[in-house]
**Q** 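One structure follows; several queries about it will come next.
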Amino acid sequence: MWWSGRAGTVALTALTALTSVTACHPVRITPALRPGAHGPAVRDLQARLAQLALFPHDPTGRYGAGTARAVRTFQQEAGLSVTGTYASADRSALTSRTRRPTHTELHHTGKIRDRSDN
């Protein structure tokens, strides 16, 4: 072993503990959202964009042209790379500018629903 004495023992113990924790609780990498995606993460994205008046539709949970347009507008306004794909840098910027959406915001905002262009 290239480490010896107490420092080596402490380092090996820490490494073993880290390996155990990582094995039990692996890091979850949240994938980017892009057109065609669907589900609760998209609904949350749409509700947060609506808080900033960038998404004028009811959240549908489907990432369509309207969602991509709103994401591009947000990215431009936030000084991010304008891609229309919602990645980790976009997520950090959006969550710092919005609050957690309420149940009502996530499921019905009372706005006009345009199902074809979300």
Side-chain angles (χ1 to χ4, degrees):
M1 180 182 270
W2 55 276
W3 280 336
S4 61
R6 180 157 173 72
T9 303
V10 170
L12 184 58
T13 302
L15 182 59
T16 302
L18 180 59
T19 303
S20 298
V21 169
T22 303
C24 294
H25 303 285
V27 175
R28 291 183 63 176
I29 299 173
T30 306
L33 298 175
R34 59 183 42 88
H38 56 86
V42 176
R43 188 179 293 273
D44 181 83
L45 166 62
Q46 292 167 333
R48 287 177 184 272
L49 290 168
Q51 288 176 19
L52 300 175
L54 297 175
F55 187 75
H57 312 285
D58 284 344
T60 62
R62 291 186 311 271
Y63 200 127
T67 303
R69 190 171 31 257
V71 168
R72 283 192 302 273
T73 301
F74 172 73
Q75 290 168 330
Q76 184 174 14
E77 290 179 1
L80 300 164
S81 295
V82 180
T83 63
T85 298
Y86 184 63
S88 62
D90 308 308
R91 184 174 291 107
S92 296
L94 186 61
T95 56
S96 72
R97 290 168 171 81
T98 57
R99 59 178 164 62
R100 185 177 186 176
T102 64
H103 179 78
T104 301
E105 289 172 320
L106 289 170
H107 299 285
H108 181 69
T109 62
K111 296 178 183 173
I112 297 171
R113 177 171 284 184
D114 180 1
R115 292 178 184 251
S116 64
D117 195 30
N118 292 325

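All figures in this text were calculated on a predicted structure; none of them were measured in a lab.
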**Q** Determine, step by step, whether Arg97 and Glu77 satisfy the salt bridge (charged side-chain N to carboxylate O under 4.0 Å, His left out) criterion, reporting the C-alpha distance in whole Å, the side-chain angles of both residues, the deciding distance to 0.1 Å, and the verdict.
**A** CA-CA 12 Å; Arg97 290 168 171 81; Glu77 290 179 1; over 6 Å; no

**Q** Any sub-3.5 Å donor-acceptor pair from Arg43's side-chain atoms to Pro59's backbone N or O?
**A** yes

**Q** Between Thr73 and Leu52, is a side-chain contact (heavy atoms from CB on, under 4.5 Å) present by the stated rule, with each step listed?
**A** CA-CA 11 Å; Thr73 301; Leu52 300 175; over 6 Å; no

**Q** Take the angle between the ring planes of His103 and His107 and call it parallel below 30°, perpendicular above 60°, tilted in between.
**A** tilted

**Q** Return yes if some donor-acceptor pair links the side-chain N/O of Gln51 with the main-chain N/O of Arg99 below 3.5 Å, else return no.
**A** yes

**Q** If you take all heavy atoms of Leu45 and Tyr63, which pair is closest and at what distance?
**A** CD2-CE1, 3.7 Å

**Q** Roughly how far apart are Leu49 CG and Tyr86 OH, rounded to 0.5 Å?
**A** 7.5 Å

**Q** Which pair of heavy atoms, one from Pro56 and one from Leu54, lies closest together, and at what distance?
**A** CD-O, 3.7 Å

**Q** Heavy-atom distance under 4.5 Å between the side chains of Val42 and Thr60, does that happen here?
**A** no

**Q** Would a distance-only check, ignoring hydrogens and angles, find a side-chain to backbone donor-acceptor pair under 3.5 Å from Gln46 to Gly61?
**A** yes

**Q** Determine whether a donor-acceptor pair (N or O, by modelled atom type, separation under 3.5 Å) exists between the side chain of Gln75 and the backbone of Thr83.
**A** yes

**Q** Do you know which two heavy atoms are closest between Phe55 and Thr67, and how far apart they sit?
**A** CE1-OG1, 3.4 Å

**Q** Nearest 0.5 Å, please: how far is CZ in Arg91 from CZ in Arg48?
**A** 10.0 Å

**Q** Kindly indicate whether the side chain of Asp44, heavy atoms from C-beta on, has any atom under 4.5 Å from the side chain of Pro101.
**A** yes

**Q** Looking only at heavy atoms, which two atoms of Ala93 and Leu80 are closest? And how far apart?
**A** CB-CD1, 3.9 Å

**Q** When rounded to the nearest 0.5 angstrom, what distance separates CG in Leu106 from CG in Asp58?
**A** 11.5 Å

